[in-house]
*Asks:* 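Got a structure here, written out as structure tokens. Questions coming.
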Number of protein chains: 2
Amino acid sequence: MADSLNERSQNILEAIVEDYITSAEPVGSRAISRKHSFNLSPASVRNVMADLEEMGLLCSPHTSAGRIPTGKGFQYYIDTLLEVRDLNQNEKQNLRNSYRFQNMKMEDVMQEVGRVLSGLSQYTGLVMAPKFISTVFRQIEFIRLSQGRLLMIYVSETGLVQNKVIEANSSLTAQDLEYISNYLNSELNGLSIHDVRIKLKEELRKDRIHYDQLKQQALNLSCAALQDEVEDQLYVSGASLMLGQPEFSTPEKMKQLVQAFESKKVLIELLDRGQSAQGVQIFIGSESSDIDLQGCSLITSNFSNQKGAIGTLGVIGPVRMNYSQVVPIVDFTAQLVSRVLDREIEQN
Amino acid sequence: MADSLNERSQNILEAIVEDYITSAEPVGSRAISRKHSFNLSPASVRNVMADLEEMGLLCSPHTSAGRIPTGKGFQYYIDTLLEVRDLNQNEKQNLRNSYRFQNMKMEDVMQEVGRVLSGLSQYTGLVMAPKFISTVFRQIEFIRLSQGRLLMIYVSETGLVQNKVIEANSSLTAQDLEYISNYLNSELNGLSIHDVRIKLKEELRKDRIHYDQLKQQALNLSCAALQDEVEDQLYVSGASLMLGQPEFSTPEKMKQLVQAFESKKVLIELLDRGQSAQGVQIFIGSESSDIDLQGCSLITSNFSNQKGAIGTLGVIGPVRMNYSQVVPIVDFTAQLVSRVLDREIEQN
DNA sequence: ATTAGCACTCAACAGGGGCGAGTGCTAATA
DNA sequence: TATTAGCACTCGCCCCTGTTGAGTGCTAAT
């Protein structure tokens with residue numbers, strides 16, 4: 001239905017959205033008529049604006065103010081009016097140079113990506129590391145802490161390190177632990193955690209009374225170590241940049257925003273929603289959705305290595321965000337990070 | 001000099017500080033005269049107040065407002081008037097129950113401590129993990145990533161896991177790496193990183209042309225792995241609680257505060273300053289000190305295990321903070337955490 | 001030494017008028 | 001018939017004003 005807009009209405013809507021993006025203030029008919037050479041008088045523009053308002057694409061904060069785009073208006077703009085140009089070689093190279101991944105461990109790479117995304121966009125950068133369950137097993141080690149407590153260290157294909165403390169009432173010697181980890185490392189190498197879990201279940205079922213006590217132990221331990229879900233890791237960078245945006249200039253809005261960023265839960269849910277999709281995705285935090293992120297938009301893209309471990313990165317900013325600038329940055333960064341992940345994998 | 005205050009002045013100063021702590025508003029002579037049974041008229045109180053103002057312990061925001069304590073005033077209050085009562089057994093048990101450390105890895109313990117500190121105090125909780133250089137070596141592992149790149153995993157005595165990517169142009173086999181880590185684990189076990197570094201330097205100097213190629217490699221690798229300084233890990237919890245405090249209710253103050261919390265640098269510097277001291281320390285962010293943390297006070301205490309790895313935890317709140325409530329919490333928590341760290345160490 | 005009394009100060013609040021940006025409607029125009 | 005000039009109207013914003021009330025400093029009396 002919204003596609004039934006004629007060209008003039010589209011042009012005017014586009015002009016309003018873009019003016020609003022730069023000014024953050026209601027846009028009046030006079031400004032549109034003057035700045036953009038439509039050769040239309042303010043009065044004509046007003047007529048079109050009234051139509052757009054009726055359609056729910058614009059609204060006016062009060063009678064004598066200009067119009068601002070509604071969530072729906074932004075949605076329409078993004079869906080049908082926004083043209084995202086690709087970066088040229090020069091810009092790509094600049095972006096590549098912004099990131100310094102040399103000899104960085106995975107956590108630092110994630111953090112660096114967030115920082116750079118935030119710095120380039122001047123909004124808040126988000127990076128969610130690949131979920132534990134989607135990572136590919138590379139190596140596991142057990143280290144004895146105090147009596148009955150082991151430290152498990154897990155390394156994924158891409159060099160992501162996880163550790164966990166597990167209870168183990170039996171007293172295993174250092175040799176036992178070495179044997180166990182060797183056994184697991186040879187058995188589980190190259191499987192995703194998801195597949196690891198399936199395999200472990202099978203093995204445990206098959207060998208209820210295992211001939212080899214130590215192998216039995218190994219299965220038990222790895223079950224304890226790899227079964228539970230691991231909290232998602234989310235890196236938030238440049239949260240304070242959002243506080244500079246006029247839409248969040250009141251103390252209440254600020255507090256709300258900082259709370260939302262701090263708990264991370266809402267953000268993770270939002271990022272999860274885009275995990276199945278490909279390419280850049282845009283979420284508009286309209287009035288309907290989460291209260292915590294009212295007035296925010298999210299531009300995300302997934303990154304992944306060839307083995308399928310998927311993470312998400314993106315930028316969160318005000319709805320009134322410079323989409324045409326940020327979208328290509330997010331897009332290309334996701335590609336870059338995917339390549340970095342693959343670099344970690346041993347070529348054979 | 002400030003100690004030359006007579007008893008009445010002290011009482012009045014104390015009353016003002018405590019009123020101000022609960023109300024966050026300038027305290028007038030009338031209120032003091034009425035609420036606290038000094039049997040003094042407002043006029044007499046005013047005379048004393050004028051003296052205290054002259055001494056720099058109080059100030060008035062404007063002529064017709066009450067008085068508020070200056071930084072110096074708070075300092076005096078803390079140094080000579082504040083009585084910190086110990087927690088009774090009941091309260092200690094409650095505090096113990098607030099923390100659930102079972103089967104938590106170190107990072108999670110740190111985070112949990114921050115969360116609970118923040119929750120109990122209703123201010124912002126800070127935890128700085130023991131510095132890398134002060135930790136005691138327990139185990140090191142090397143995992144091959146791609147061609148020429150190794151992942152080093154280091155575990156400290158208390159189960160703190162660090163990892164790092166290092167360049168290694170030589171091509172070492174898995175067996176080589178195992179040999180190397182075994183060698184290092186036996187050589188370096190129980191030494192602090194500080195001592196490890198000294199030992200490595202010595203060894204390298206001694207065996208410039210080492211008879212054993214692999215041992216030489218081991219020394220080189222561990223040098224690369226353990227030489228650099230590692231970024232301090234700081235956990236900040238409940239930053240948004242600070243934004244609810246009236247002293248940070250303006251947008252500018254909020255932004256400033258969030259920025260300071262986000263960069264962490266200022267906080268780390270501040271926490272570092274207290275690392276050498278014992279027991280609870282209080283820093284008042286007076287006008288003179290860091291601009292970023294104006295209006296903030298910091299209550300910290302160090303925690304450590306028997307081997308000497310030192311970390312710091314604490315609470316940051318407005319200068320107008322409830323010291324008598326928060327100080328014992330910070331104190332006892334530090335003791336608790338120290339005990340948890342020791343629990344990790346193998347008893348032999 | 002303490003206190004009652006009094007004049008004074010000043011932030012906070014509410015009301016009112018002018019300004020200006022912007023709108024909707026209507027009638028004239030190409 | 002689509003466009004536009006003109007005009008009355010709306011309403012947020014700003015500035016000025018007067019009032020209120022909490023609190024002070026000073027002085028003289030106790």
Side-chain angles (χ1 to χ4, degrees), chain A residues 4-13 15-17 19-20 22-70 73 246-247 249-251, chain B residues 4-13 15-17 19-20 22-70 73 246-247 249-251:
Chain A
S4 65
L5 283 185
N6 61 40
E7 200 181 328
R8 180 161 59 164
S9 307
Q10 288 201 350
N11 286 338
I12 288 181
L13 177 59
I16 292 174
V17 170
D19 263 32
Y20 182 64
T22 62
S23 74
E25 262 158 36
V27 184
S29 55
R30 215 176 115 81
I32 294 295
S33 148
R34 252 191 300 124
K35 273 191 260 176
H36 307 264
S37 45
F38 293 138
N39 288 330
L40 282 179
S41 74
S44 307
V45 174
R46 279 204 288 278
N47 288 329
V48 178
M49 281 166 124
D51 296 346
L52 292 171
E53 179 159 10
E54 201 161 3
M55 284 187 251
L57 300 173
L58 297 180
C59 67
S60 41
H62 59 88
T63 20
S64 73
R67 304 296 210 299
I68 62 178
T70 61
E247 29 270 278
S249 61
T250 68
Chain B
S4 64
L5 281 187
N6 61 38
E7 199 180 329
R8 180 162 62 165
S9 307
Q10 289 200 349
N11 287 336
I12 288 182
L13 177 59
I16 293 174
V17 170
D19 264 30
Y20 182 65
T22 62
S23 75
E25 258 156 40
V27 184
S29 56
R30 217 176 113 81
I32 293 296
S33 149
R34 252 190 303 125
K35 273 191 263 177
H36 308 264
S37 45
F38 294 137
N39 288 330
L40 281 179
S41 74
S44 307
V45 174
R46 279 205 286 280
N47 288 329
V48 178
M49 281 167 126
D51 295 347
L52 292 172
E53 180 161 8
E54 199 160 5
M55 283 187 249
L57 300 173
L58 298 179
C59 67
S60 41
H62 57 89
T63 19
S64 74
R67 303 297 211 296
I68 61 178
T70 60
E247 31 269 278
S249 61
T250 67

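Everything numeric in this text was worked out from a predicted model, so none of it was measured. Heavy-atom basis, side chains included; hydrogens, waters and symmetry copies ignored.
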*Asks:* Report the end-to-end axis angle of the helix from C:dA1-D:dT30 to C:dA30-D:dT1; each axis comes from five terminal pairs, and the value is rounded to 10°.
*Replies:*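 That helix gives 20° between its end axes.
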
*Asks:* Give me the atom names and distance for the closest heavy-atom approach of B:Arg67 to B:Ile16.
*Replies:*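 For B:Arg67 and B:Ile16, the tightest heavy-atom pair comes out as O-CG2, 4.3 Å.
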
*Asks:* What's the separation between atom CG in B:Leu58 and atom OG1 in B:Thr70, rounded to the nearest 0.5 Å?
*Replies:* 6.5 Å

*Asks:* List in chain and number order the residues that pass side chain to side chain contact (heavy atoms under 4.5 Å, CB included) with B:Ala24, two or more places apart in sequence or in another chain; answer none if no residue qualifies.
*Replies:*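 Side chain to side chain contact (heavy atoms under 4.5 Å, CB included) list for B:Ala24, sorted by chain: B:Pro246, B:Arg320.
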
*Asks:* Please list all pairs passing the ring-ring contact (aromatic ring centres under 6.0 Å, His included) test where one or both residues lie in residues 26-46 of chain A, with sequence neighbours left out.
*Replies:*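 Non-adjacent pairs meeting ring-ring contact (aromatic ring centres under 6.0 Å, His included): A:His36-A:Phe38.
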
*Asks:* So, using side chain to side chain contact (heavy atoms under 4.5 Å, CB included) as the criterion, who are the partners of A:Arg30 when residues are at least two apart?
*Replies:*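 Side chain to side chain contact (heavy atoms under 4.5 Å, CB included) check on A:Arg30 returns A:Arg34, A:Pro42.
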
*Asks:* Take nucleotides 21-30 of chain D nucleotide by nucleotide from the 5' end and write B, S or -, depending on whether a protein heavy atom sits under 4.0 Å from the base, only from the sugar-phosphate, or from neither.
*Replies:* -BSBB-----

*Asks:* From CD of A:Glu25 over to C1' of D:dG12, roughly how many Å is that when rounded to an integer?
*Replies:* 12 Å

*Asks:* Not counting sequence neighbours, list each pair that qualifies as a ring-ring contact (aromatic ring centres under 6.0 Å, His included) and has a residue in residues 46-65 of chain B.
*Replies:* none

*Asks:* I want to check something: taking the side chain as every heavy atom from C-beta on, are A:Leu57 and A:Pro69 in contact at a cut-off of under 4.5 Å?
*Replies:*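 The answer is no; the side chains never approach within 4.5 Å.
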
*Asks:* Pair A:Leu40, A:Val48 - check side chain to side chain contact (heavy atoms under 4.5 Å, CB included), show working.
*Replies:* CA-CA 11 Å; A:Leu40 282 179; A:Val48 178; 5.6 Å; no

*Asks:* What protein N or O atoms touch nucleotides 14-16 of chain C N or O atoms at under 3.5 angstrom, if any, and at what distances?
*Replies:*
none

*Asks:* Return each pair, listed once, that meets salt bridge (Lys or Arg N to Asp or Glu O under 4.0 Å) where at least one residue sits in residues 41-50 of chain B; pairs must be two or more places apart or across chains.
*Replies:* none

*Asks:* Show the numbers, then the answer: is there a side chain to side chain contact (heavy atoms under 4.5 Å, CB included) between B:Leu52 and B:Leu5?
*Replies:* CA-CA 9 Å; B:Leu52 292 172; B:Leu5 281 187; 4.0 Å; yes

*Asks:* Please identify each residue that fulfils side-chain hydrogen bond (donor to acceptor under 3.5 Å, both in side chains) with B:Glu25, with sequence neighbours left out.
*Replies:*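 Checked B:Glu25 against side-chain hydrogen bond (donor to acceptor under 3.5 Å, both in side chains); zero matches.
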
*Asks:* In chain order, what residues pass the side chain to side chain contact (heavy atoms under 4.5 Å, CB included) check against A:Ser249, with sequence neighbours excluded?
*Replies:*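 Scan of A:Ser249 (side chain to side chain contact (heavy atoms under 4.5 Å, CB included), adjacent residues dropped) gives none.
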
*Asks:* Give every pair of a protein N or O atom and an N or O atom of nucleotides 16-18 of chain D that lie under 3.5 Å apart, one pair per line with the distance.
*Replies:*
none

*Asks:* Of all residues at least two apart in sequence or in a different chain, which pass the side chain to side chain contact (heavy atoms under 4.5 Å, CB included) check with A:Ser41?
*Replies:* A:Ala43, A:Ser44

*Asks:* In this structure, how many angstroms lie between the P atom of C:dA4 and the CG atom of B:Leu40, rounded?
*Replies:*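 Taking CG of B:Leu40 and P of C:dA4, I get 11 Å after rounding.
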
*Asks:* Could you state the CG-C1' distance from A:Asn39 to D:dA2, rounded to the nearest angstrom?
*Replies:*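 After rounding, the gap between these two atoms is 15 Å.
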
